[in-house]
> 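Take a look at this one; I'll ask things after.
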Amino acid sequence: MIDVHPRPIRVAVVGVGNVGATFAYALLLSGLATEIVLLDVNRARAEGEAMDLNHTVPFTHPTRIWAGDYTDCAGAAVTVIAAGAAQKPGETRLDLVKKNAAIFRQIVPEVACHNPDGILLIATNPVDVLTYTAWKLSGLPAQRVIGSGTILDTARFRYLLSQHFGVDPRSVHAHIIGEHGDSEVPVWSLANIAGMGLSRFCAQHGCGFDRAAMDDIFYQTRDAAYHIIERKGATYYAVAAGLMRIVEAILRDQSTVLSVSSLIEDYYGISGVCLSLPTVVDRGGVERVLRLELSPEEIEGLRQSAQVLKATLAQLRLEG
Ligand SMILES: NC(=O)c1ccc[n+]([C@@H]2O[C@H](COP(=O)([O-])OP(=O)(O)OC[C@H]3O[C@@H](n4cnc5c(N)ncnc54)[C@H](O)[C@@H]3O)[C@@H](O)[C@H]2O)c1
């Protein structure tokens, strides 16, 4: 029998600046949610975005969109947090930490109080530190607190590799792990096209494996945000698409492997920090973090990345 009153699928977005509003727009176009609630400390901004998005509905999918408050987070399957100060030219993501952690102290307890059963998806930078902060402040189980992490860096990496090797980026399987930021690590040892390692792919296609070109691709990946911010002041389309991909995996219970940030325990000796690794994401959030067979250099890089993040977390004194 057809259910004429299916349960609404609500997604809440806290912080509807560049990233939050672009994500809400992408979500509306996708038709995945039936309700989108927008929250921002700048209430007029949330109202304006809700009006603009509502005028998009006749071209898209029946969807209820409104500017709400924290009580409206109740029942949301996912609450995306993109609130906070953005990275300024020359500023590292870690510079932002104290400013945005203070904002999270206002937001996260409110969301968790009104929506103890939902999933928190963090986009605000520094995303790994704030994912850990959100986990601590929310009291939610760790599998329901996810950061967008290196989903964006991984997309940038795959795109650049695809340009170099002349194949669709979706056919390039490669991950960036660790911090979403300067200490991130490319997993060269497992990067492949059709199951072939990159140097083997080159050997078969007579393209010659160029180590310097690979290094340059990684530097372009790692530093992409700086280059885009220099030119247009902010980045938002690709991260919004990455957030959409995570939300789709959750709402459709897809068990998709995505490079996202979550609490890591006992991984090559790393524990008690949020960072990105290929992770199975489903209706419950983090279903499992995949154990990769990394090279010794990659293990060392991952450990250093964890150290960078832990040093920042220590400055926040979250336990106190
Ligand atoms: N994770 C990623 O890959 C990624 C990529 C790009 C940007 N970002 C980060 O996303 C964040 C947002 O970037 P943006 O360009 O959208 O910034 P923005 O300035 O355009 O938007 C931020 C919004 O947050 C709101 N806000 C601030 N304090 C708030 C509070 N206490 N409660 C509710 N809303 C509040 C502001 O009013 C503003 O509308 C930044 O931290 C940025 O660095 C992350």
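Sequential numbering from 1 along the given sequence is applied to the chain's residues. Order of listing sets the numbers, starting from 1, for every ligand and every atom in it.
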> With a 4.0 Å heavy-atom cut-off (strictly under), which part of N18 contacts ligand 1: side chain, backbone, both or neither?
both

> Which option wins on minimum heavy-atom distance to atom 39 (O) of ligand 1: N42, D40, T235, T150?
D40

> Classify the contact between L152 and ligand 1 as side chain, backbone, both or neither, using a heavy-atom distance cut-off of under 4.0 Å.
side chain

> Taking atom 22 (C) of ligand 1 as the point of reference, which of G242, G84, G147, A83 owns the nearest heavy atom?
G84

> What heavy-atom pair brings F218 and E184 nearest, and what distance separates the two atoms?
CZ-O, 3.4 Å

> Out of V41, T131, I228, who gets a non-hydrogen atom closest to atom 34 (N) of ligand 1?
V41

> Give a yes or no on this: more than 12 heavy atoms of other residues, nucleotides or ligands lie within 6.0 Å of atom OH of Y237.
no

> Would you mind finding which of A123, S261, G233 brings a heavy atom closest to atom 1 (N) of ligand 1?
A123

> Should we count CZ of F165 as having more than 12 external heavy atoms under 6.0 Å?
yes

> Which one of N125, V19, I229, L39 has a non-hydrogen atom at the shortest distance from atom 14 (P) of ligand 1?
V19

> Using distance alone, with no hydrogens and no angle criterion, decide if E248 and S30 have a side-chain donor and acceptor under 3.5 Å apart.
no

> Name the orientation class of the two ring planes belonging to W135 and Y132 (parallel below 30°, tilted from 30 to 60°, perpendicular beyond 60°).
perpendicular

> May I ask you to list the atoms of ligand 1 that are less than 4.0 angstrom from any heavy atom of N100?
41 (O)

> Using a 4.0 Å heavy-atom cut-off, which part of A21 comes near ligand 1: side chain, backbone, both, or neither?
neither

> Select one of side chain, backbone, both or neither to describe which atoms of I151 lie under 4.0 Å from any atom of ligand 1, heavy atoms only.
neither

> Over all heavy atoms of both residues, which pair between G149 and D128 is shortest? Give the atoms and the distance, please.
CA-OD1, 4.4 Å

> So do R222 and I176 actually touch side chain to side chain, heavy atoms under 4.5 Å?
no

> With atoms numbered from 1 as shown, which atoms in ligand 1 lie under 4.0 angstrom from a non-hydrogen atom of I103?
28 (N), 29 (C), 30 (C), 31 (N)

> Which of the numbered atoms in ligand 1 are below 4.0 angstrom from a heavy atom of Q106?
31 (N)

> For the residue pair E110 and Q106, what are the closest heavy atoms and their distance?
CG-O, 3.4 Å

> May I ask you to list the atoms of ligand 1 that are less than 4.0 angstrom from any heavy atom of A85?
40 (C), 41 (O)

